[in-house]
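Heavy atoms only: backbone and side chains are in, while hydrogens, waters and symmetry mates are out.
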Amino acid sequence: MDVDFFCPEEWTTAYPLHFTCLNRDCPSLVIELLIEKYRPALSQICKIEGDIDRYDQIDEGVPVGDYEYIVYACEVEGLPLHYSLSGTSGSMDLNTVKILVEAYHDALTSAW
C-alpha cells in the first residue's frame, strides 16, 4: 500500500473513523463504536491519496475464496461523511450515512 495521509494533528497520520468510512464493506456497528470512542474525529478533515490495495470477491456467485487483487487509485479529502460517500467498493450503506449525519450535522454544509 502506497498512501500518504494528512491530518490536522501532528501526532496522527489518519483517524480510524476516516478509514472505516472509506471501506463500504465495514459494518455500521464499527462506525458507531469509533464515534463513541473518539467523537472529535467527526469534525476533522483528513486527506488520503495514493493506492489502496485489497482483495475483492470476483463474482458474488463464486464460492468464498475466489478473490482478485485490485489496486484502487484513491484521493479523498474531507470529513468521515465524505469518506463514506466516496467509498472504494461495495454498495453504499445508508444506515452508515444516517449515523454520520446524526452524529455531526455540520458535515452536510461542509464541502471539500
### Query
Is V101 reachable from L17 through a run of hydrophobic residues whose side-chain heavy atoms are each under 4.5 Å from the next?
yes
### Task
Is it possible for you to say whether I31 and L108 belong to one hydrophobic cluster, with membership spreading through side-chain heavy-atom contacts below 4.5 Å?
yes
### Message
Could you tell me if the side chain of V97 sits less than 4.5 Å from the side chain of D93, heavy atoms only?
### Response
no
### Task
Would you mind reporting whether C21 and L100 have side-chain heavy atoms less than 4.5 Å apart?
yes
### Task
Mind checking side-chain hydrogen bond (donor to acceptor under 3.5 Å, both in side chains) for T20 and listing every partner two or more places apart, or none if nothing turns up?
none
### Step-by-step side chain to side chain contact (heavy atoms under 4.5 Å, CB included) determination, Y83 to C46
CA-CA 9 Å; Y83 278 67; C46 290; 3.7 Å; yes
### Task
Measure the CD-CD distance between E32 and E102 for me, rounded to the nearest 0.5 Å.
9.5 Å
#### Entry: Spacing of NE2 belonging to H18 relative to CG belonging to N23, to within rounding of 0.5 Å
15.0 Å
Write down the atom of [X], the atom of [Y], and the distance for their closest heavy-atom approach.
X   : Y    : answer
L79 : Y104 : CD1-CE2, 3.9 Å
Q44 : P80  : O-CD, 4.1 Å
S86 : L22  : O-CD1, 3.8 Å
H82 : E77  : CB-O, 4.4 Å

### Task
Give me the ring orientation class for Y15 and Y38: parallel if the planes are under 30° apart, tilted from 30 to 60°, perpendicular past 60°.
parallel
### Query
Is there a donor-acceptor pair closer than 3.5 Å between any side-chain N or O of R39 and the backbone N or O of L34?
no
